[in-house]
Amino acid sequence: MTALLQVEDLHVWFDLGEGGELHAVQGVDLSLQPGERLGLVGESGCGKTTTALAIMGLLPPSASVAGRILLAGEDILAGGEAAMRPHRWTDVAIVFQGAMNALNPVRTIGDQIVEALELHARAKGAAARARTAELLEAVGIPAARATRHPHELSGGMRQRAAIAMALSCDPKVLIADEPTTALDVMVQAQILELLDSLSRDLRLALVLVTHDLPVVAQVCDRCAVMYAGEIVELGPLDALYHAPAHPYTRMLFAASPDLAALDEPVLSIPGAPPRLDRAIDGCPFGPRCDSVFAACSVRPRLQPVRDGHSAACHLNAMVPA
Amino acid sequence: MRGIDYVLKRVGFALVTIFVAVTINFALFRLAPGNAVSNLSRVPHATQQLRHALEVQFGLDKSKGEQYLIYLKQLVHGNLGVSFENEQPVSTNLRIALINTLPMVTLGTLFSILIGTLTGVLAAWRRGTPTEAVTVSSALGFYSMPTHWLGLMLIIIFAGVLPTGGMTNEFLLNPGLWQHLKDLASHIALPSLTLGLVLYGEYTLIVRSAMLETLGEDYILTARAKGLKPWTIVRKHALRNAMLPVTTLVALSLGYIVAGAILIETVFSWPGIGRAVYEAVLERDYPMLQGAFLLLTISVVICNLVADLLYFKLDPRITE
Amino acid sequence: MTDASLLIEAPTGPTSSRRGLLLRTLRHRPAAVIGAMILVLIGLGAVLAPWIAPYGLHTQVGPVFGHPSWRHPLGLDDGGIDMVTLLMWGARVSLVVGFAATFVSMAIGGTVGVVAGYFGGATDTILMRITDYFLVIPDVPLMIVVAAIWGPSLVHIIIVIGILLWTSTARVIRAQVKSVRERVYVKRARALGAGHTRIVLRHVLPQVGPLLIANTVLTVAVAIFDETALSFLGLGDPSRTSLGKVIENAFERAAISSGAWWAIVPPGAVVALIILGCSLVGGSLEDALNPRLRVAHLAARTFRIRPLVGRGDAL
């Protein structure tokens with residue numbers, strides 16, 4: 001079965017001025033089946049947001065991209081911005097961080113949803129307004145709020161409105177970039193539940209980008225862990241938690257007190273991620289790894305460990321197959 | 001009504017400012033030592049009758065405190081004294097002058113806003129290209145030129161092509177409406193062009209800055225994600241927010257507009273308020289100078305108020 | 001809900017020192033470099049005028065409005081005096097007036113700004129109200145009125161301009177002082193019992209310094225413009241030849257109808273260059289101090305595509 005969305009060998013560089021370059025994404029491969037929920041986790045600066053944006057071609061002018069992004073088998077990256085634009089919203093849609101100013105403050109939320117509907121010829125005029133009301137209700141917002149401006153809504157409501165807008169043109173993939181960050185706990189749970197149920201009801205594939213592991217645990221089936229611009233482990237969520245194949249994954253889960261056992265001390269990972277504006281020698285996690293050994297001076301590649309579970313760590317090569 | 005207290009606050013502030021200006025005016029002219037400046041009745045070649053009338057009207061024989069109150073009262077009645085130069089009431093002279101100045105200044109300001117906005121958007125859109133560099137450099141270049149010097153340069157360039165002095169051609173006898181309008185248009189061209197060129201640079205920089213900032217906002221990324229075409233995004237989402245500072249800028253450049261008007265009218269012999277100031281200085285016509293200063297200040301304060309309220313209305317984010 | 005990333009130390013970035021900021025700005029921004037070069041060039045010409053001016057300032061070397069020639073590249077003015085000489089001496093006077101007036105306005109504006117920002121409360125409100133009134137009342141007409149009444153002299157002109165330019169400085173400095181006052185080290189100094197003067201001198205001023213310099217440079221530009229305007233309207237000091245006076249002389253003696261563009265274009269061009277130089281330097285400094293760098297999400301340019309990297313490449 002061809003994957004709904006396939007990312008192959010994605011690289012993203014950012015101009016730093018004065019000749020320098022930041023290699024933000026270093027050879028990422030992903031595949032997404034219809035209706036699948038994939039988590040993309042890592043700390044700030046690991047490249048997960050950049051990867052998410054690259055899938056839709058939402059990179060700034062200072063960026064350069066290489067790789068293939070296949071939507072139902074067709075490479076949409078090759079043609080640049082112009083080739084990617086027709087697929088936005090109708091094939092892949094995105095919801096941004098709640099704290100961001102993702103909705104235009106001087107226009108009503110209803111207007112902004114109608115804009116999407118009319119742009120992609122789903123509805124016009126009164127029909128568009130009616131459809132907008134339906135969408136708002138579907139995410140739990142009273143239809144009357146369509147005439148409000150974003151700043152008149154609470155953070156949670158704004159996120160719901162953004163989700164409604166994202167679903168307005170029936171995309172097959174929804175990318176959610178830190179959708180619950182900066183929302184309070186109760187609201188977070190509601191938003192995640194909403195995403196979960198929408199994904200099931202609409203058979204919507206979900207890419208959930210976050211640094212917050214419990215979020216992933218609630219909604220996702222599979223998870224990719226990113227570090228220093230590359231995927232270091234990829235597999236079913238259970239496997240990642242119970243049998244992580246990369247030290248970073250193990251330490252990440254141990255550092256999250258909700259998931260760690262209650263009587264174990266909360267560990268922090270000492271050190272800092274490597275700089276991405278220069279070439280990295282050997283394993284990028286080496287300097288901070290508690291299991292580093294001689295082989296780690298060669299940069300590891302993502303290798304299968306078990307069925308549907310791969311990791312980029314030399315330790316796995318030591319385990320007898 | 002939303003924000004009625006904001007409106008009241010701003011109107012109150014405007015009134016106080018006018019009051020401060022009026023008081024400064026009085027202090028400068030009437031409290032100056034010696035008689036030359038403060039004596040409103042010293043109209044050269046005036047009749048004894050006129051002198052006496054002025055002395056009574058302005059209470060020139062009373063104490064300074066009383067004079068101040070009388071001054072305020074006369075102000076409310078629109079009496080600004082009599083011009084030393086042509087023995088006409090100052091208010092009449094100023095009224096005619098103001099009517100002559102307004103079209104020229106309005107045209108110049110509109111021109112500067114239009115050109116400034118277009119070049120500002122262009123510079124922001126073509127960030128990092130030579131177009132941006134050229135646009136910004138021209139804006140800075142014209143902005144740095146002394147207003148009167150630019151006027152003189154335009155005269156040098158356009159002498160013979162466009163009239164370089166006055167508001168109308170006095171030798172045109174009994175012109176028809178169309179001829180009269182053409183005549184006015186050809187005379188207003190250079191003065192308003194000068195004003196426009198000197199002012200537009202600031203708008204370019206502000207609009208470019210505001211546009212760049214707006215284009216960095218998250219909702220622009222959302223608009224792009226929705227599949228909107230770039231120019232549509234600029235038009236429907238960015239332009240409005242990028243234009244907000246323009247209203248504030250108009251208010252801030254009012255001082256510069258007034259200075260420009262004075263210098264331009266002097267250079268082009270345009271019979272407006274600016275030239276009235278110049279001639280009043282030349283002729284030591286103190287009542288006219290006083291009156292002109294007051295009128296200019298009040299105009300600026302009122303325009304400021306209007307710009308304030310307009311900005312408030314346009315930006316729904318201001319909730320105070 | 002703990003965020004795993006918070007438990008991981010963030011990498012430290014380069015720290016910026018305020019003192020080095022000036023020099024760094026000048027080196028890295030072409031606009032600032034060009035501006036500085038212009039100012040240095042004109043400044044040198046003005047300062048060295050008494051020694052390097054080709055002719056005497058009051059020496060008639062030819063006819064009224066003599067044409068430009070090899071010996072007089074910019075021709076002669078209405079008194080037969082060499083224009084190049086006039087320009088050098090004129091720049092001297094204009095720059096002196098510009099700097100002196102700026103000094104006056106900086107002293108007033110800086111003090112008002114620091115006092116208002118530091119003490120806050122009623123002092124702040126009163127001072128800012130006064131500042132607001134002066135901000136709204138148009139400068140040039142008031143300057144004209146005061147100069148007309150007071151009489152033309154260099155000192156009068158300097159004071160008149162200085163008295164009206166302080167308002168924008170006061171606002172800018174006040175805002176900066178307010179933000180500095182809230183910083184931890186200032187609060188610590190207060191807690192330790194440091195006196196106000198000490199805190200202002202040792203903690204507030206160094207932070208405010210660079211902004212003050214940027215503002216000063218921009219004010220010089222305005223001061224020079226104002227002097228030019230006042231001279232043009234006949235309110236300049238008749239005994240000193242500033243660049244504005246040179247233009248005024250030419251205008252009065254009908255240089256244009258005589259076709260003597262060289263009496264008008266060069267002096268104004270020098271003024272324009274001085275103002276441009278100040279704007280470039282001051283503007284660049286302000287930009288450098290204002291960390292409002294934001295990535296534009298949209299521009300005419302779009303992101304670029306590169307060829308596939310492939311596996312096994314050295315990254």
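Chain identifiers are assigned alphabetically (A, B, ...) following the order of the sequence lines, protein sequences preceding nucleic acid strands; residue numbering begins at 1 within each chain. The structure presented is a predicted model; accordingly, all values stated were derived computationally and were not measured.
Ranked by non-hydrogen atom pairs under 4.5 Å with chain B, the options Val145(C), Leu135(C), Leu280(C), Val271(C) are led by Val145(C). Chain C forms the most heavy-atom pairs under 4.5 Å with one residue out of Leu296(B), Leu263(B), Val277(B), and that residue is Leu263(B). Per-residue counts of heavy-atom pairs under 4.5 Å with chain B were compared for Leu273(C), Val265(C), Ile274(C); the largest is that of Val265(C). Chain C forms the most heavy-atom pairs under 4.5 Å with one residue out of Thr297(B), Ile298(B), Leu140(B), and that residue is Thr297(B). When each of Pro141(C), Gly259(C), Gly277(C), Ala147(C) is scored by its heavy-atom pairs under 4.5 Å with chain B, the top score falls to Pro141(C). Between chain B and the options Trp261(C), Trp150(C), Phe225(C), the largest number of non-hydrogen pairs under 4.5 Å is found for Phe225(C). Contact tally against chain B (heavy-atom pairs below 4.5 Å) for Ile137(C), Asp139(C), Val222(C), Asp226(C): the top residue is Ile137(C). Chain B forms more heavy-atom pairs under 4.5 Å with one residue of Gly268(C), Ala255(C), Ala221(C), Ser279(C) than with any other, namely Gly268(C). The residue among Ile220(B), Thr266(B), Val258(B) with the most heavy atom pairs within less than 4.5 Å of chain C is Thr266(B).
Taken to the nearest 0.5 Å, the NE2 atom of His297(C) stands 8.0 Å off from the CD atom of Glu217(B). Here the straight-line distance linking atom CG of Leu276(C) with atom OG of Ser144(B) works out to 4.0 Å at 0.5 Å rounding.
Formation of a donor-acceptor pair under 3.5 Å by the Trp149(B) side chain with backbone atoms of Ile247(C) is not found in this model.
Contact check for Leu233(C) versus His148(B): no side-chain heavy atoms found under the 4.5 Å cut-off. Inter-residue side-chain proximity for Trp125(B) and Leu298(C) is flagged as met; some heavy-atom pair is nearer than 4.5 Å.
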Between Val136(C) and Phe13(B), is the side chain to side chain contact (heavy atoms under 4.5 Å, CB included) condition met? List the steps.
CA-CA 10 Å; Val136(C) 176; Phe13(B) 176 76; 4.0 Å; yes
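Summarising the local packing, CZ of Arg126(B) is surrounded by 12 or fewer heavy atoms from other residues, nucleotides or ligands at distances under 6.0 Å. Counting heavy atoms of neighbouring residues, nucleotides and ligands inside a 6.0 Å radius, atom CZ of Phe99(C) does not exceed 12 of them. Other residues, nucleotides and ligands contribute only 12 or fewer heavy atoms inside 6.0 Å of the CZ atom of Arg284(B).
Neither the backbone nor the side chain of Ala31(C) comes within contact range of chain B; no heavy atom of the residue lies under 4.5 Å from a heavy atom of that chain. Looking at Met145(B), the atoms closer than 4.5 Å to chain C (heavy atoms on both sides) sit in the backbone and in the side chain alike. In this structure, no portion of Ile224(C) lies under 4.5 Å from any heavy atom of chain B. In this structure, chain B has heavy atoms under 4.5 Å from both the backbone and the side chain of Leu142(C). Of the two parts of Ile256(C), only the side chain, counted from C-beta on, holds a non-hydrogen atom closer than 4.5 Å to a non-hydrogen atom of chain B.
By the salt bridge (Lys or Arg N to Asp or Glu O under 4.0 Å) test, Arg92(C) is found to be paired with no residue, residues two or more places apart in sequence or in another chain being considered. Checked against side chain to side chain contact (heavy atoms under 4.5 Å, CB included), Val16(B) has the following partners two or more places apart in sequence or in another chain: Val20(B), Tyr133(C). Looking at residues two or more places apart in sequence or on another chain, you find a salt bridge (Lys or Arg N to Asp or Glu O under 4.0 Å) between Asp124(C) and Arg174(C), Lys178(C).
When each of Thr147(B), Ile262(B), Val267(B) is tested with Phe232(C) by the rule side-chain contact (heavy atoms from CB on, under 4.5 Å), just one qualifies, namely Val267(B).
Using non-hydrogen atoms only and a strict 4.5 Å limit, the part of residues 224-236 of chain B facing chain C consists of Arg224(B), Pro230(B), Ile233(B), Val234(B).
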